[in-house]
Amino acid sequence: MAHLLGADDIRLVVGTRTLLDGVSLGLDDGDRVGVVGPNGAGKSTLLRLLAGTAVPDAGRVTRVGGLRIGMLDQRDESPEGTTIRDLVHGESAEHTWAGDAGIRAVHAGLLEDLDLEAPASTLSGGQRRRVALAALLVAEHDVLFLDEPTNHLDVEGVAWLAEHLQARYARPGARGALVVVTHDRWFLDAVCTRMWEVTGDGSGSVEGYEGGYAAYVLARAERARTAAVTAEKRNNLLRKELAWLRRGAPARTSKPKFRLDAAAALIADEPNPRDSLELTRMATRRLGKDVLDLEGVTVRMPARDGDTEAAEKVLFDDVTWRLGPGDRYGVVGVNGAGKTTLLRLLAGRLAPTAGTVKRGKTIHVAELTQDVDELDEIGGLRVVEVIEQEKRTVAVDGKELTAAQLVERLGFTRERSQTLVRDLSGGERRRLQLLRLLVGEPNVLLLDEPTNDLDTDTLAAIEDLLDGWPGTLVVVSHDRYLLERVCDREVALLGDGTIRDLPGGVEEYLALRKAAIAAASAGSRTGATSAGAGATSSGTGSPDGTGNAGAQAAPSGADVRAAKKEIGRIERRLSKIAELEARLHDKMAAQATDHAAILDLDKQLRELADEKDTLEAEWMEAAELLD
């Protein structure tokens with residue numbers, strides 16, 4: 001494979017912090033690299049150095065001549081007066097790109113609901129993100145650097161982007177490379193073949209791993225196990241040396257110098273531990289058998305100001321949904337379908353247009369919103385003071401902890417616990433939001449996009465906390481990894497005013513959306529054909545003169561039998577695929593240190609996932625004949 005760019009012994013210091021030190025990396029054709037690490041470790045900085053938008057203090061970054069680099073950073077800015085078309089296609093004439101199937105696919109995946117002539121100034125944050133991403137994907141770049149590309153994308157958008165990048169870089173003869181910073185673990189597994197971990201431990205190092213996120217976790221766990229064994233041996237030696245130094249009469253002050261040197265060397269050689277992050281299980285109030293019930297709930301949202309032609313939007317239409325003690329639901333859905341509105345209903349911050357929301361007498365609801373700006377009003381307080389305002393001491397595992405001890409367990413060092421809230425990073429603000437909720441001992445948690453701004457280690461800690469949390473949980477998230485880890489069931493808001501149960505989880509939701517889009521597309525084509533045919537028919541209103549141009553013939557008995565047979569075949573194969581996937585995961589765990597084996601097993605898993613996607617789409621088509 002052709003070499004594209006490389007970093008040679010680069011170093012970068014910001015203020016008093018060494019972000020990168022002695023880092024050497026390389027990118028070749030076909031590489032798809034995921035970058036992970038703690039918040040503030042320097043992941044985005046590494047991308048800017050490699051892309052050439054920043055310069056290291058020492059070392060160098062080399063690139064092959066004529067290399068075309070595209071960069072998606074976390075700031076989506078646009079010049080005044082530009083349109084969406086300007087941002088995506090610049091001054092290119094429409095005929096130069098409209099006939100390109102690849103560009104049309106990008107339009108369909110990211111810009112379907114946007115008017116290309118609309119001013120960029122009218123776009124929301126999420127829409128700006130999609131437009132910036134589309135502009136990169138339609139251009140011809142040799143290397144793409146993507147910084148948090150899944151931010152503001154829903155589950156469907158993340159799945160589309162993963163599929164698009166897989167097709168772009170995995171096809172035979174594909175040129176170019178991809179480097180992506182993201183906290184979306186499912187996306188990393190679906191797209192990446194290598195991982196870089198910016199350690200953020202003060203050493204300034206970047207560790208490389210082969211395989212996607214799952215392979216990275218296994219390899220990292222093996223490294224940690226090996227390090228633990230080494231540390232245990234070191235500690236045993238240290239204990240022996242210290243015990244020897246303490247032996248003898250109290251008056252004895254001289255010790256052989258070589259023994260003193262040996263003990264000092266053991267202590268000096270001990271590496272500094274990384275900042276610990278331990279989300280502990282706090283007390284939870286007793287939860288009765290009645291929690292939250294939506295009964296015949298309808299929610300209508302008024303038309304936007306100034307839009308006299310638009311009718312009010314019905315988000316929920318006569319919906320009944322019951323939440324019991326210990327229920328754990330994940331909520332997915334199309335943008336604007338009412339996911340955040342659902343949480344507001346459950347939290348009691350919004351009254352339904354019709355119907356009732358019954359609330360159990362013992363419930364205590366805590367809601368994590370998407371808005372970290374809610375901390376601005378207490379920006380002058382220090383982190384520990386924010387928690388002290390809620391509670392000065394908290395019961396954790398039967399022990400009373402002070403606010404200072406509690407924030408330290410959440411990953412705020414003693415120094416950071418004295419930091420003003422307004423000076424915290426986005427990830428630290430998110431952690432502080434969650435901690436404020438938990439100290440109130442809620443028994444119902446409503447989480448709206450809880451993974452925003454959090455690094456993968458923090459996400460793993462939160463998932464571990466939620467695994468053992470005994471209350472009722474409702475999570476709205478585009479993070480499939482989180483939903484599948486902490487939720488027992490998923491429901492979907494498809495924009496039709498209902499809450500639909502998803503026995504098949506997120507995969508079923510994506511299959512439903514594909515089927516709905518295909519049906520809408522087929523319907524529009526059928527409508528156009530019927531309209532054209534009606535214009536040339538002799539006043540009958542339909543090609544056959546019956547007046548039933550839009551009607552479809554009912555499936556015959558033979559069609560139904562064939563559909564049932566096909567569904568049976570597909571379900572047997574899906575069951576077999578589930579068994580094969582379980583075996584492959586067991587093999588990956590058993591061969592965690594064999595990078596070649598992990599890559600081969602990861603490839604087999606991807607092939608099974610592709611086959612499963614195809615089979616589920618076929619199942620949906622066959623099932624429609626039985627409705």
Side-chain angles (χ1 to χ4, degrees), residues 281-301 314-334 336-371 374 390 433-434 436-451 462-463 465-479 482-503 505-506 509:
R281 294 177 178 84
M282 302 177 200
T284 303
R285 305 186 194 201
R286 187 187 68 82
L287 188 60
K289 65 178 183 178
D290 295 324
V291 183
L292 286 164
D293 293 335
L294 305 184
E295 296 185 345
V297 165
T298 295
V299 176
R300 298 187 182 93
M301 303 301 288
V314 179
L315 292 180
F316 298 103
D317 187 11
D318 195 22
V319 166
T320 295
W321 189 44
R322 305 187 189 282
L323 288 174
D327 282 350
R328 306 167 70 88
Y329 278 99
V331 182
V332 295
V334 297
K339 300 187 293 295
T340 298
T341 300
L342 177 61
L343 295 189
R344 292 172 62 202
L345 278 172
L346 296 174
R349 295 192 297 116
L350 176 70
T353 308
T356 58
V357 180
K358 293 182 62 178
R359 311 173 69 81
K361 294 180 180 179
T362 62
I363 70 167
H364 182 73
V365 178
E367 181 186 12
L368 181 72
T369 69
Q370 293 189 50
D371 188 11
E374 68 184 26
E390 305 293 329
Q433 275 185 305
L434 183 60
R436 286 181 78 195
L437 295 184
L438 294 177
V439 296
E441 301 180 11
N443 50 30
V444 178
L445 266 183
L446 310 176
L447 307 180
D448 195 357
E449 297 294 356
T451 64
I462 288 175
E463 288 163 353
L465 166 71
L466 295 177
D467 276 344
W469 194 73
T472 296
L473 178 68
V474 180
V475 184
V476 169
S477 181
H478 65 270
D479 189 325
L482 175 83
L483 292 176
E484 291 166 359
R485 167 76 187 273
V486 305
C487 299
D488 296 329
R489 300 172 66 181
E490 281 85 31
V491 295
L493 307 185
L494 298 172
D496 58 359
T498 65
I499 298 176
R500 175 161 182 161
D501 196 33
L502 296 174
V506 175
Y509 166 72

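Because only heavy atoms are used, hydrogens play no part in the values below, and waters and symmetry mates are left out as well, while side chains stay in. The shown structure was predicted, so the numbers you read here are calculated from the model rather than taken from an experiment.
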Value rounded to 0.5 Å, distance of [atom1] in [X] from [atom2] in [Y]:
X: T340; Y: L493; atom1: OG1; atom2: CG; result: 10.0 Å
X: R489; Y: L483; atom1: CZ; atom2: CG; result: 14.5 Å
X: L292; Y: I363; atom1: CG; atom2: CD1; result: 4.0 Å
X: R485; Y: D479; atom1: CZ; atom2: CG; result: 11.5 Å
X: T472; Y: N443; atom1: OG1; atom2: CG; result: 7.0 Å
X: L350; Y: L315; atom1: CG; atom2: CG; result: 9.0 Å

Give a yes or no on whether a salt bridge exists between K361 and D290, defined as a side-chain N under 4.0 angstrom from a carboxylate O.
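Answer for the salt bridge query: no.
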Inspect the contact between E367 and R349 and indicate whether a charged nitrogen and a carboxylate oxygen are less than 4.0 angstrom apart.
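So R349 pairs with E367 through a salt bridge.
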Return the set of residues passing side chain to side chain contact (heavy atoms under 4.5 Å, CB included) with R322 (not counting sequence neighbours), or none when no residue passes.
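Here the qualifying residues are D293, E295, T320.
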Please enumerate all residues that pass side chain to side chain contact (heavy atoms under 4.5 Å, CB included) together with V476, with sequence neighbours excluded.
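Residues passing side chain to side chain contact (heavy atoms under 4.5 Å, CB included) with V476: V331, K339, L343, D448, E449.
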Pick from L473, V474, L482: which one makes a side chain to side chain contact (heavy atoms under 4.5 Å, CB included) with L447?
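When L473, V474, L482 are each tested with L447, the side chain to side chain contact (heavy atoms under 4.5 Å, CB included) holds only for L473.
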Smallest separation among heavy atoms of [X] and [Y], with atom names:
X: P325; Y: V291; result: N-CG2, 3.4 Å
X: V299; Y: P352; result: CG2-CA, 4.2 Å
X: P442; Y: A366; result: CB-CB, 3.6 Å
X: Y509; Y: V334; result: OH-N, 3.3 Å

Polar contact flag, side-chain donor to acceptor under 3.5 angstrom, T498-D496
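A donor-acceptor contact under 3.5 Å links the two side chains.
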Please examine the side chains of [Y] and [X], heavy atoms only from C-beta on, and report whether any two atoms are closer than 4.5 Å.
X: F316; Y: L294; value: no
X: P450; Y: L434; value: no
X: T369; Y: L446; value: no

Between the main-chain N or O of [Y] and the side-chain N or O of [X], is there a donor-acceptor pair closer than 3.5 Å?
X: T356; Y: V297; result: no
X: T298; Y: T353; result: no
X: R328; Y: V486; result: yes
X: R359; Y: L346; result: yes

Given the rule in the side-chain contact (heavy atoms from CB on, under 4.5 Å) test, do D327 and D488 qualify, once you have shown the distances and angles that lead to the verdict?
CA-CA 8 Å; D327 282 350; D488 296 329; over 6 Å; no
Tell me if the centroids of the rings in W321 and Y329 come within less than 6.0 Å of each other.
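Centroid distance W321-Y329: below 6.0 Å, so yes.
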